[in-house]
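First listed ligand is number 1; within each ligand, the first listed atom is number 1.
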Amino acid sequence: MRSVIDILDLSTEELSELIKTAEDIIANPEKYQEVCRHKKLATLFFEPSTRTRLSFEAAMYELGGNVLSVSSAGSSSAAKGESVADTAKTVSCYADIIAMRHPKEGAAYVAAQNAGVPVINAGDGGHLHPTQTLADLLTIWREKGRFTGLTIGLCGDLKFGRTVHSLIAAMSRYEGNRFVLISPEELKVPSYVKNILKEQNIPYEQTEDLMSVIGDLDILYMTRVQRERFFNEEDYLRLKDSYILTPEKMNEAKADLAVMHPLPRVNEISVAIDKDPRACYFKQVLNGKYMRMALILKLLYEAGTLKELPERSRA
Ligand code: CP
């Protein structure tokens, strides 16, 4: 049973096909509106979410399917001590596909090992968030028209930022990209992520100073300092406002910079930047829905749950 736990579970060819499907959905939504009729998606969210859960649910509704939802750990039998494995086995009796978010790293993998239906990792602790990366990739594609030869700045909480870890893994597979990792010392990328770059001789630099590099960047991927992952409040308060992107700082950036952010935003991008044509973060939100539609179709088709797909998606 094919599940997607890590963005590297999808080949670059498959990513290209998902992007083509998403663009076909954007161009021809009516072609897809009954494809998942009588099929069910279970969204199991044991950690808070606005975009990921609602975009998965909107995706399934726009494909003509139905949704079963657990929107908090407290509202399911996880609160009584039920294991992730038993939850996955149980929900497989009711749903054709599962999207799961969990505070523990590796939880989606355990779910996939035990489920009888495809499982999509919708974020596991500070580890990975592959469907946010699908949203990010469609955004980069639509803004830049390529995945190669880009200078990509990632800024903020690079230690706990699972979207950063998945995006670095994804963009490392394309030629000629350079990474600029901008964070306080305490929030640097974990070594297992840095090793992806080292092992492939991909150029990268680490700095604490956003303004010293902002003018070099094609993409600036801002992230929130994640209060929920800190062991003590004091450290969070000290680091939370390490980077605040303002219109003045944007004056130093390229005219075609793409400013991205997985959201939610707290303080790290001034709302004044929302009107700047270089701000792409709300485009990412919408792109996430289309890529999740494309992924649901792909996994249900590969599982044999869907017998046929609109022509483009089968390519
Ligand atoms: N980007 C993202 O994962 O947002 P949510 O936490 O709101 O789902």
Checklist entry - Between Leu210 and Leu220, is any pair of side-chain heavy atoms under 4.5 Å apart? => result yes

Checklist outcome for this item: d(Lys249 NZ, Ile214 CD1) to nearest 0.5 Å is 8.0 Å

Checklist entry - Does the side chain of Arg292 reach to within under 4.5 Å of the side chain of Thr52, using non-hydrogen atoms? => result yes

Checklist outcome for this item: Residues with a heavy atom under 4.0 Å from ligand 1, by chain and number, are Ser49, Thr50, Arg51, Thr52, Arg101, His129, Gln132, Pro262, Leu263

Next on the checklist: Among residues at least two apart in sequence or on other chains, which ones pass salt bridge (Lys or Arg N to Asp or Glu O under 4.0 Å) with Glu186?
Outcome noted: Arg238

Checklist entry - With a 3.5 Å cut-off and no angle check, do the side chains of Asp96 and Thr305 form a donor-acceptor pair? => result no

Checklist entry - Do the rings of Phe147 and Trp141 sit parallel, tilted or perpendicular, given the 30° and 60° boundaries? => result tilted

